[in-house]
Structures are given as structure tokens and as C-alpha cells.
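One is the number of the first residue; the rest follow in order along the sequence. Note that the structure is a prediction, hence the values are computed from the model and not measured.
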Amino acid sequence: MKQLTLLLFLALFGITASAQSPAKKTTAAPKVLKNQIVDISCGTCQFKMKGKDCELAVRIDGKSYFVDGKKIDDFGDAHDEHGFCNAISKAEVTGSIVKNRFKATAIKLLDDKAKM
């Protein structure tokens, strides 16, 4: 009789446990930007982001993001007098913010620097 009661208890526990639905993981949809004007510069030198080396970054709505898809020297010498390590420029960008990084599909500088 004790074995039957224990078996019945375990069966009810198993049914109850399997009826619970797992917690759904919500992932935020990437923020897509098209032809948006942003600040662009070296993230470590100008935007004071934590990084090992000089790396291209954009500032969107007051928040800075390192850039994937373009390199800091794609626009000329970053350490030149007006390079990204010494100045903040404006750019028109297209891309998306994914996992706290900006995935660039297009970057066009708005001043007289090299255009990409």
C-alpha cells in the first residue's frame, strides 16, 4: 500500500511538473538606422569607451557603440591632426544595433574627410 501511495504521488508530481511551460526568452529586435546623422570617432580616445586599442565608434542618441563592418583607418589616418583619435566628426550611417554594437552597412562622412 505504501508503494502504491508513493507511486501515485510521484505520478501526480510528474504530471504537474510537465504541465509547466518554460520561461520564454525575449530578445530585443535590433534597432535599425537608415541615413541617420551621428557622431563618429575613436571610441577609446574620444568617447571614453573601454577598449584595448583605437576602434571606430558612433554615438547615437547619447550612447556610444563600437562599429562592426568598417575600420577606423578606412577613413584615413586615425592619428592625423583631424583623425578620429583627435576629433569627433559627423556621419550619415545605415545599419543596426545588435548586442550593443553598431553593425554598419554604410557610413558617409559629412565633412571634407575621405568618403566611404
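Closest non-hydrogen pair, Ala104 versus Val67, comes out as CB-CG1, 3.9 Å. Residues Gln46 and Cys85 share a closest heavy-atom pair of NE2-O, 2.9 Å. In terms of heavy atoms, Cys54 sits closest to His79 at SG-NE2, 3.4 Å.
Between Phe47 and Ile88, some side-chain heavy-atom pair lies under the 4.5 Å cut-off. By the 4.5 Å heavy-atom criterion applied to side chains, Lys71 and Leu56 are not counted as neighbours. Residues Met49 and Cys42 are not in side-chain contact: their nearest non-hydrogen atoms beyond the backbone lie 4.5 Å or more apart.
With Glu92 as the fixed residue, the side chain to side chain contact (heavy atoms under 4.5 Å, CB included) test singles out one of Ile37, Ile40, Leu109, Leu33: Ile37. Under the side chain to side chain contact (heavy atoms under 4.5 Å, CB included) test applied with Gln36, the options Val58, Asp61, Thr94 reduce to a single match, Asp61.
Side chain of Ser41 to backbone of Ala87: a donor-acceptor contact under 3.5 angstrom is found. For the pair Asn86 (side chain) and Asp80 (backbone), a donor-acceptor distance under 3.5 Å is present.
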Original post:
Passes side-chain contact (heavy atoms from CB on, under 4.5 Å), Lys70 versus Val93? Steps please.
Top reply: CA-CA 11 Å; Lys70 300 288 183 185; Val93 299; over 6 Å; no
**OP:** Begin from the C-alpha positions of Lys90 and Asp39 and carry the test side-chain contact (heavy atoms from CB on, under 4.5 Å) through to its verdict.
**Re:** CA-CA 5 Å; Lys90 293 285 186 187; Asp39 291 332; 2.7 Å; yes
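The hydrophobic cluster containing Ile72 also contains Ile60, counting ILVMFWY residues as joined when their side-chain heavy atoms lie under 4.5 angstrom apart, directly or transitively. Under the 4.5 Å side-chain contact rule for hydrophobic residues, Ile97 and Ile107 share a cluster.
Atom-to-atom distance recorded for Lys48:NZ and Ser64:OG is 11.0 Å, nearest 0.5 angstrom. Residue Arg101 holds its CZ atom at 5.0 Å from CD of Glu55, rounded to the nearest 0.5 Å. Separating the CG atom in Asn35 from the NZ atom in Lys108 is a distance of 9.0 Å, to the nearest 0.5 Å. Here Arg59 contributes atom CZ and Phe102 contributes atom CZ; the two are 15.0 Å apart, rounded to the nearest 0.5 Å.
Two rings, from Phe84 and Phe75, have their centers less than 6.0 Å apart.
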